[in-house]
Trainee: 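Before I ask anything, here is the structure I am working with.
For this chain, numbers begin at 1 and follow the sequence in order. Everything quoted here is computed from the prediction, not taken from an experiment. Just follow the structure's listing: the first ligand is 1, and inside any ligand the first atom is 1. The analysis underlying the following values was restricted to heavy atoms, covering all of them including side chains, and did not include hydrogens, waters or symmetry mates.
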Amino acid sequence: MPTLLSRSSPLDPAAPVPQYRQVGWLLLIALALLLGASISLIVQKRAAVWEHAFKSTRDLSLGMEALASARLAQSDASLRGIASDLREPPITAGTAQAAVRNAMRYDPFSAYLGVVDTAQHTVLALVAQGGPAEPAVAATLANAIVARAPGALGFQQMLRLPGSDDWFLPLTLQLPPAGQQRLTVFALVPARKLIEGAESLQLLPRGYVTFADENGVRLMRYAKELNHLDVNGPPFLATTLTRLRAQTHGSFEAYNPVVGYPVVFGHSRSRDLPLYVGAGLPASEVTAQWLRESIAPCALLVLGVAGVVVFAYRLREALQRQHASHQRQQYEARHDHLTGLLNRDAFARSVKAGLAGARGGQLALVQIDLSNFKDINDTLGHSAGDQLMRILARRFAALLRGSPAQVARTGGDEFGILLRVGRIDEELAALEQRLRAGLKRPITVQGVEVELTASMGAAIYPADAGEAGELFRCADIALYASKNSLQRFTRYARSMDNFSADSLAMKAELAKALRDGSLSVVYQPKLRLDDGSLAGVEVLSRWRHPVKGMVSPAVFIPLAENTELIHPFTRCVLQTAIAQASQWQVRGRAVPVAVNVSTNNLLDPGFTDTVAELLAANGLPPQLLELEITESAIMRHPEMTLKRLHALRELGVRLSIDDFGTGYTSLAYLKLLPVHTLKIDQLFVRNLDRDAGDQRIARSAIQLGHGFGMTVVAEGVESGDVAAMLRDYGCDYVQGYHYSRPLPADEFEAQWLA
Ligand code: C2E
Ligand code: MG
Ligand code: MG
């Protein structure tokens, strides 16, 4: 029976909002997409930057190698020319000098050409570009040039010559041995001529170019920023040399022991000469470049993530607020704002649901009515009354905590309890004892100790009633029986039900009359006191019983009120009245009609909608309909009534308090009522001309009504004297036999609308 006895959830604005999960997923997806896109961009950037570095170094090495090879081809040709001239021994200084000089004539590139006898360490011939060479140069070269295998072309260690800062690269060709002679032909190539093409190094910051011989021995390294040559370095690492030998050109990343860091290294092997040219670029430069180019996507990522996070945070806040306000609304719709207990509507629904889910179980509905609460309220004031209510509500809730029960505040000083029961008598007795104990404990409000008493009535499902409305009615009957006897707790019994036999039959007949349409209405005019003109008309129900004749509304209205019959009944009267008013309006007579409604109509959550529908269906402007609610009806369930009256007033319908003076409306409450009109009960009007007390009451009621901005109607005016006195008091409207009895529609039309 979860619907019945589950406790209503307390308001918790921090409770997880159901939409979070969905939104959370969406945000995660957004973040993942953002992250994925940025990472892919960064990874692509890295690949592109590295690819570019490999290509640039390779291209540079290819270019430099092509240039150097082309230039060195000159020197190579000179060496081969000299070697060819010196094919025939004996080779003397003279023949050698002639051959060298001859070769120099066609060689614009070599700085020196010469022949050295490496066995004797003597220079056989030497010629410089543009003339004879210095003797000091010859002396240096005699020791610097070393022998190689015969026929081999190769480079030797870079050297400097006396009287010059320039470095020269020796290219040598070993002649076959002849007698004692070991001759090496050589050309000295100026290093600066080989690096002339290295301007493109500018494009590679911290890049360098390296020349090495076929064994990977570093001949020279040129770095633009060093602006000088680094010569005769150590040989390449074996792994590097293997890679250089594997391809004619290419590029790779490797550690360079000379500079001490990893580099991207492009290389190219000369086709004709034993020469490798390499171009190196520090790997850190490539990484730096990559990072520079990744700043934009990274910034984009950070901004995007920040944006998503801020958005998510704000969204979460908004959802939380929305959820909290939704929960609050739901809570307020179901709960009594003063005590936090279920309100009457919610309780009624709960009882209905409880019965539907009872599955053979028994339920007790207990109605509790405080006996002396009104006195306390009137004596100590509303805030004391409110405080008292709250304390009592807490006590009831605490008493029932843990038991399969639900407690509600069903009216101003009424509570309802729905309880699952097994052994009815015992459990009801136990419940009564607990409630009684709770009431007995004195409560101190505003320094005054008060003790509450209450009447209680209980009815059992399914023993007493089979459906919710009937169960409420039985509990009510038990409650009233309890009020009227000295017993404080009464369980419903058939014998208490004055709807027994005769009245049950009457109820059935009333229902039949309602179905047959044999109920009728009469119209009593309401007149302006100052000029006697027609101000409106009150619609009063009439029932002609087939046997008993006319039955007074004072008899059949309570009969209907105590059952569900009141709803179709009022609907029927409303339909008749509204249709009639609409007809009059069409005929040019806009006569406001007043219909009496009972408490149970106001407690029906669908009542406002019913009124709105009927008005719309008949095309009657809402201000031509007035609803009369008796003061005592209003006071039975002040809070709920107030809620409904506001809803009706919003519809545009006019509202009046009927039979004013017989209920017990406090001024504080009267102030809250959204009503237009106050109708003084005929009890104070009928004998106005004879009773001084009535005069005081009538005069005060008129002043009070006017004070609250209401118009005042006096009903039950039976004589001209009374009318004259009311005029003196400033009363606005009158209604009574002195003017007209309630009349059937046609007579009313003939007399008042003709
Ligand atoms: P009420 O709304 O206060 O209606 C005025 C009652 O006073 C009517 O009695 C009317 O006939 C009577 N009356 C009017 N002028 C005079 C007069 O000068 N002297 C005397 N002695 N009586 C006068 P009625 O028609 O018997 O209705 C009694 C009550 O029954 C109504 O009091 C109203 O509360 C209720 N009632 C009547 N029709 C309906 C209805 O359709 N729905 C509901 N919920 N209640 C109705
Ligand atoms: Mg009335
Ligand atoms: Mg009245």
Trainee: Is the closest N or O pair between Asp659 and ligand 1 shorter than 3.5 Å?
Mentor: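 Looking only at distances, the answer is yes, because the N/O contact criterion of under 3.5 Å is met.
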Trainee: With side chains defined as the heavy atoms from C-beta onward, is the minimum distance between Leu527 and Trp752 less than 4.5 Å?
Mentor: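 They are in side-chain contact.
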Trainee: Any salt bridge between Glu626 and Lys679, counting N to O under 4.0 Å?
Mentor: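 So Glu626 does not pair with Lys679 through a salt bridge.
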Trainee: State, to 0.1 Å, how close Met710 and Asp732 come at their nearest heavy-atom pair, and which atoms those are.
Mentor: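 The answer is O-OD2, 4.5 Å.
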Trainee: Is there a polar contact, in the sense of an N or O pair closer than 3.5 Å, between Glu538 and ligand 1?
Mentor: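 Right, the criterion is met.
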Trainee: Suppose we measure from atom 19 (N) of ligand 1 to each protein heavy atom; which comes out shortest, and what is that distance?
Mentor: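 Looking only at protein heavy atoms, the one closest to atom 19 (N) of ligand 1 is Glu718 OE2, 2.6 Å.
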Trainee: Would you say the side-chain atoms of Ser598 and Asn600 include a donor-acceptor pair closer than 3.5 Å?
Mentor: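 No, no side-chain donor-acceptor contact under 3.5 Å.
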Trainee: For ligand 1, does His738 get within less than 4.0 Å through its side chain, its backbone, both, or neither, judged by non-hydrogen atoms?
Mentor: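 It is neither part, as no heavy atom is under 4.0 Å.
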Trainee: State, to 0.1 Å, how close Ala364 and Leu428 come at their nearest heavy-atom pair, and which atoms those are.
Mentor: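 Ala364 and Leu428 have their closest heavy atoms at CB-CD2, 4.0 Å.
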Trainee: Which bit of Val717 is near ligand 1, meaning a heavy atom under 4.0 Å away: side chain, backbone, both or neither?
Mentor: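 Looking at Val717 and ligand 1, just backbone atoms fall under 4.0 Å.
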Trainee: Counting only heavy atoms closer than 4.0 Å, does ligand 1 sit against the backbone of Glu561, its side chain, both, or neither?
Mentor: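 Neither part.
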Trainee: Do Ser533 and Arg528 get their side chains close enough for a donor-acceptor pair, meaning under 3.5 Å?
Mentor: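 Yes.
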Trainee: Find out whether Leu614 and Leu625 are in side-chain contact, i.e. whether some heavy atom of one side chain is under 4.5 Å from a heavy atom of the other.
Mentor: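 Sidechains of Leu625 and Leu614: no contact.
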Trainee: Please work out, at 4.0 Å between heavy atoms, whether the side chain, the backbone, both, or neither of Ser541 comes within that distance of ligand 1.
Mentor: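 It is both parts that get close, each with some atom under 4.0 Å.
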Trainee: Is the Lys NZ or Arg CZ of Arg344 less than 6.0 Å from the centre of Phe472's six-membered ring, within 45° of the axis?
Mentor: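 Yes, Arg344 lies over the aromatic ring of Phe472.
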Trainee: Write out the residue and atom name of the closest protein heavy atom to atom 1 (P) of ligand 1, then the distance separating them to 0.1 Å.
Mentor: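 Result: Asp658 OD2, 3.7 Å.
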Trainee: If you measure from the Lys or Arg side-chain nitrogens to the Asp or Glu carboxylate oxygens, is any gap between Lys512 and Glu509 under 4.0 Å?
Mentor: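 Between Glu509 and Lys512 there is no salt bridge, as every charged N stays at least 4.0 Å from the carboxylate O atoms.
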Trainee: Counting heavy atoms only, which of Gln682, Arg542, Gln524 is nearest atom 20 (C) of ligand 1?
Mentor: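 Comparing heavy atoms across Gln682, Arg542, Gln524, the nearest one to atom 20 (C) of ligand 1 lies in Gln682.
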Trainee: Taking only non-hydrogen atoms of Ala554, do any sit less than 4.0 angstrom from ligand 1?
Mentor: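 No heavy atom of Ala554 comes that close to ligand 1.
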Trainee: Side-chain donor-acceptor pair under 3.5 Å between Asn618 and Gln583, yes or no?
Mentor: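 Checked: Asn618/Gln583 side chains show no N/O donor-acceptor pair below 3.5 Å.
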Trainee: Is the shortest distance from atom 9 (O) of ligand 1 to a protein heavy atom below 4.0 Å?
Mentor: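 No, no protein heavy atom sits under 4.0 Å from atom 9 (O) of ligand 1.
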Trainee: Measuring to protein heavy atoms, does anything land under 4.0 Å from atom 32 (O) of ligand 1?
Mentor: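 For atom 32 (O) of ligand 1 the answer is no, since every protein heavy atom stays at 4.0 Å or beyond.
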Trainee: Counting only protein atoms, how many N/O/S atoms are less than 2.8 Å away from the Mg ion (ligand 2)?
Mentor: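 For the Mg ion (ligand 2), protein nitrogen, oxygen or sulfur atoms under 2.8 Å: 4.
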Trainee: Going by the angle between their ring planes, with limits at 30° and 60°, are Phe569 and Phe556 parallel, tilted or perpendicular?
Mentor: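 Phe569 vs Phe556 ring planes: perpendicular.
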Trainee: Which bit of Lys679 gets closer than 4.0 Å to ligand 1, counting heavy atoms only: side chain, backbone, both or neither?
Mentor: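 The answer is neither.
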Trainee: Measuring from atom 36 (N) of ligand 1, which candidate in Val555, Val539, Thr576, Ile557 has the nearest non-hydrogen atom?
Mentor: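 Looking at heavy atoms only, the winner is Ile557.
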Trainee: Could you check whether Asp464 pairs with Arg491 (Lys NZ or Arg NE/NH1/NH2 to Asp/Glu carboxylate O, under 4.0 Å)?
Mentor: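 Looking at Arg491 together with Asp464, the answer is yes, because their closest N to O distance falls below 4.0 Å.
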Trainee: Please write down residue, atom name and distance for the protein heavy atom closest to atom 30 (O) of ligand 1.
Mentor: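 Checking every protein heavy atom, the shortest distance to atom 30 (O) of ligand 1 gives Pro553 CB, 3.5 Å.
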Trainee: Please verify whether a non-hydrogen atom of Pro742 lies at under 4.0 Å from ligand 1.
Mentor: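 Contact present.
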Trainee: Can you tell me which residue among Val407, Leu363, Val366 is in a side-chain contact (heavy atoms from CB on, under 4.5 Å) with Leu418?
Mentor: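 Filter result, single survivor: Leu363.
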Trainee: Side chain or backbone of Asp681 under 4.0 Å from ligand 1, or both, or neither, by non-hydrogen atoms?
Mentor: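 The answer is neither.
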Trainee: Between Arg644 and Asp345, does at least one N-O distance fall below 4.0 Å, as a salt bridge requires?
Mentor: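 Salt bridge present between Arg644 and Asp345.
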